[in-house]
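Structure, as structure tokens:
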Amino acid sequence: MTKRDYMLSALHHEEALIPSWSMAFENIETAQRLLGEENTPTDIHPLKTYRLGAADPDNQQRKLRYAEKVDDFVIGVGQGGSFSFGHRGPGEFMERLLEQDDKHILSVYETGVKREVRFSPHFYRHYDYPAETLEAFREMVFPDVDMPGRFDGIKEESDFFHEKGYFTYGCVNGFFSGLHYFLCPYDELLVQLLLDEDFVDEMLEKVGRFNLRAAEHLLRAGVDCITFCDDLGSGNSLLFSPELYDRFFFKWHRELADLCHSYGAYLHMHSHGNINKVVGRIVEAGVDLLNPCDPYESMDMRQLKEAYGDKITFVGGVDKFVFDWDRETLERNLRQLFTVGHKGGGYVFMETAGGIPENISKPAYEAYRELTKQLRHEISGR
């Protein structure tokens, strides 16, 4: 069986080898240090012009080496599309470089939002939002999802990775996160969910239609899965009520899921936080995979599997502070997680709920990878 076959087995709730899907590295420098520069894609950082279409041949080979190094069963299409879950590639709002030095990178998205990334220590921020008011939003020129060249070569890239035995995916914007990343300040959006439904609806209509059209381009190119990020929770609870999820976001999640299923493909959603109150609705919307299911945020894999394990595939279940544990605690927790996840299928391993941190040593990272691979094979009986 190929890696793609094992992914499909998990989605079909068969008890085969537990597949693996990498979340991300905290930054490109960490990936290069741990994996080697030759095994890391070079199309991550923005250029002065937008990165359109498929990865070039060199980066397609780098994606293959990257997948082998991190034991991925999946590869994302598009430039930069396989480095960070749910982000990058032509299906998202693209960014272009404004300035760069050894301390920071400043870029601007198609919507006009600026993004600054600083190094040592790593952090980032978004600012200059174009939609701080409804009037400002109505005046902005919205990005063109059908711009020439945007999805050029994606079908050939997806076919190439299929031939290599990988499950392929393409990224689109989130719906909640698509608003606060690219249009409206985060705190302002939370207020407008309560005070100005028309404002939120107008933004969602634009972002939602963009996402659906982008997904259609990717699905026509033959990807197996569409991924998107919508962080709906904090460590304690939802960021807004279940009623507001139903009012604003459920219909868009369902429409995207229906579109994926009409092509025989799957939908993978990312949401940090304690989102237990809406997992049932996410399942009803038709989402096929959900990550990261962080137990530190009260997302218990055993309870999730018991409640919804025959209807959705859970991805992750690893504590965000896993790299702070000693070997005995780590092995005990992973063994328990894989045993619960493997039963009845419907489970994919994701190395951590927050990506690989920049302070991890190479020996510690390699030992962790080896342990998780060993336990997945052992518990799967393969």
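- There is no path of hydrophobic side-chain contacts, each under 4.5 Å, that joins Leu183 to Met94.
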Walk me through whether Phe161 and Tyr169 qualify under ring-ring contact (aromatic ring centres under 6.0 Å, His included). CA-CA 10 Å; Phe161 292 132; Tyr169 68 93; 9.9 Å; no
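- Geometrically, Arg281 engages Phe250 in a cation-pi contact defined by less than 6.0 Å to the ring centre and at most 45° from the axis.
- The CG atom of Leu189 lies 10.0 Å from the OH atom of Tyr129; values are rounded to the nearest 0.5 Å.
- In terms of heavy-atom proximity, Pro90 sits nearest to Gly78 at CD-CA, 3.8 Å.
- No hydrogens or angles considered: a donor-acceptor pair under 3.5 Å links the side chains of Asp230 and Ser177.
- Here the two rings, on Phe323 and Tyr368, have centers that are under 6.0 Å apart.
- Residues Phe182 and Tyr109 bring their aromatic ring centres within 6.0 Å.
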Using the salt bridge (Lys or Arg N to Asp or Glu O under 4.0 Å) rule, take Glu216 and Arg220 through it: C-alpha gap first, then chi angles, then the decisive distance, then the call. CA-CA 6 Å; Glu216 191 166 18; Arg220 285 178 176 174; 3.2 Å; yes
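- A 4.5 Å side-chain heavy-atom check between Lys114 and Glu95 finds every atom pair outside the cut-off.
- Seen from the ring of Phe142, Lys206 counts as a face-on cation partner, given the 6.0 Å and 45° thresholds.
- A heavy-atom distance below 4.5 Å is found between the side chains of Tyr166 and Lys3.
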Working for side-chain contact (heavy atoms from CB on, under 4.5 Å), residues Val172 and Glu92: CA-CA 5 Å; Val172 302; Glu92 273 206 316; 5.7 Å; no
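- Ring planes of Phe338 and Phe349: perpendicular class, angle over 60° (limits at 30 and 60°).
- Among all heavy-atom pairs drawn from Asn274 and Asn236, the shortest one is ND2-O, 2.9 Å.
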Could you walk me through whether Asp58 and Thr42 pass side chain to side chain donor-acceptor pair (under 3.5 Å), step by step? CA-CA 9 Å; Asp58 175 63; Thr42 61; 4.5 Å; no
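- You'll find the side chain of Asn333 stays beyond 4.5 Å of the side chain of Leu337, heavy atoms only.
- Note: Phe228 and Phe176 fail the aromatic proximity criterion, with ring centroids not under 6.0 Å apart.
- Residues His270 and His272 place their aromatic rings such that the two centres sit under 6.0 Å apart.
- Leu98 places none of its side-chain heavy atoms less than 4.5 Å from the side chain of Ile105.
- Within the structure, no pair that satisfies the ring-ring contact (aromatic ring centres under 6.0 Å, His included) test touches residues 32-67, not counting sequence neighbours.
- Counting all heavy atoms, side chain and backbone alike, Gln100 lies closest to Leu97 at OE1-CD2, 3.6 Å.
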List the steps, then state whether salt bridge (Lys or Arg N to Asp or Glu O under 4.0 Å) holds for Arg335 with Glu378. CA-CA 9 Å; Arg335 187 178 295 278; Glu378 175 188 326; 2.5 Å; yes
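- Applying the ring-ring contact (aromatic ring centres under 6.0 Å, His included) rule to Phe314 yields no partners; only residues at least two apart in sequence or on another chain are considered.
- The minimum heavy-atom distance between Ser271 and Leu232, with the atom names listed, is OG-N, 2.9 Å.
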Tell me, with the steps shown, if Cys184 and Met203 meet side-chain contact (heavy atoms from CB on, under 4.5 Å). CA-CA 9 Å; Cys184 181; Met203 288 192 294; 4.0 Å; yes
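- Every pair passing side-chain hydrogen bond (donor to acceptor under 3.5 Å, both in side chains) that includes a residue from residues 343-365 is listed here, sequence neighbours excluded: Asn27-Glu358, Tyr365-Arg369.
- Closest of all the heavy-atom pairs between Tyr266 and Gly264 is CE1-O, 4.2 Å.
- Salt bridge annotation for Glu197-Arg247: present, with a cationic side-chain nitrogen under 4.0 angstrom from a carboxylate oxygen.
- Looking at heavy atoms from C-beta onward, Arg33 lies out of side-chain contact with Glu29 at the 4.5 angstrom threshold.
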Given the rule in the side-chain contact (heavy atoms from CB on, under 4.5 Å) test, do Val113 and Asp128 qualify, once you have shown the distances and angles that lead to the verdict? CA-CA 5 Å; Val113 171; Asp128 280 359; over 6 Å; no
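- The distance between the ring centers of His253 and Tyr245 falls below 6.0 angstrom.
- Under the 4.5 Å side-chain criterion, counting only non-hydrogen atoms from C-beta, Leu218 is in contact with Phe151.
- Note on Arg138 versus Glu202: salt bridge recorded, some NZ/NE/NH1/NH2 to OD/OE distance being below 4.0 Å.
- Looking at every heavy atom in both residues, Ala136 comes nearest to Pro130 through CB-O, 3.4 Å.
- Residue Phe321 is not grouped with residue Leu371 when hydrophobic side chains (ILVMFWY) are merged at heavy-atom distances under 4.5 angstrom, including chains of intermediate members.
- Heavy-atom neighbours of Arg302 CZ from other residues, nucleotides or ligands within 6.0 Å: at or below the threshold of 12.
- Side-chain contact between Asp231 and Ile275 is absent, with no heavy-atom pair separated by less than 4.5 Å.
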Lys63 vs Glu157, test: salt bridge (Lys or Arg N to Asp or Glu O under 4.0 Å). Steps then yes/no. CA-CA 11 Å; Lys63 286 184 184 184; Glu157 186 179 4; 2.7 Å; yes
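- Not counting sequence neighbours, the partners of Asp159 by the salt bridge (charged side-chain N to carboxylate O under 4.0 Å, His left out) test are Lys155.
- Using a 4.5 Å heavy-atom threshold, the side chains of Leu212 and Trp252 count as touching.
- Contacts of Arg65 classified as salt bridge (charged side-chain N to carboxylate O under 4.0 Å, His left out), with partners at least two apart in sequence or in another chain: none.
- With hydrophobic clusters built from ILVMFWY side chains whose heavy atoms lie under 4.5 angstrom apart, Leu8 shares a cluster with Trp21.
- Counting non-hydrogen atoms of other residues, nucleotides and ligands closer than 6.0 Å to CD of Glu99 gives a total above 12.
- Ring centroids of Tyr124 and His126 are separated by less than 6.0 Å, placing the two rings close together.
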When you look at Lys164 and Leu64, which way does the side-chain contact (heavy atoms from CB on, under 4.5 Å) test go after all the steps? CA-CA 9 Å; Lys164 299 297 183 180; Leu64 287 174; 4.0 Å; yes
Give the C-alpha distance, both sets of side-chain angles, the deciding distance and a yes or no for salt bridge (Lys or Arg N to Asp or Glu O under 4.0 Å) between Arg213 and Asp144. CA-CA 10 Å; Arg213 182 64 175 160; Asp144 180 11; over 6 Å; no
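- A centroid separation of less than 6.0 Å is found between the aromatic rings of Phe93 and Phe210.
- Checked against side chain to side chain donor-acceptor pair (under 3.5 Å), Ser298 has no partners two or more places apart in sequence or in another chain.
- With no hydrogens or angles considered, no side-chain donor-acceptor pair links Asp187 and His180 at under 3.5 Å.
- Counting only N and O atoms by type, the side chains of Gln192 and Glu188 include a donor and acceptor under 3.5 Å apart.
- We find that Glu255 and Arg209 are joined by a salt bridge, their nearest charged nitrogen and carboxylate oxygen being less than 4.0 Å apart.
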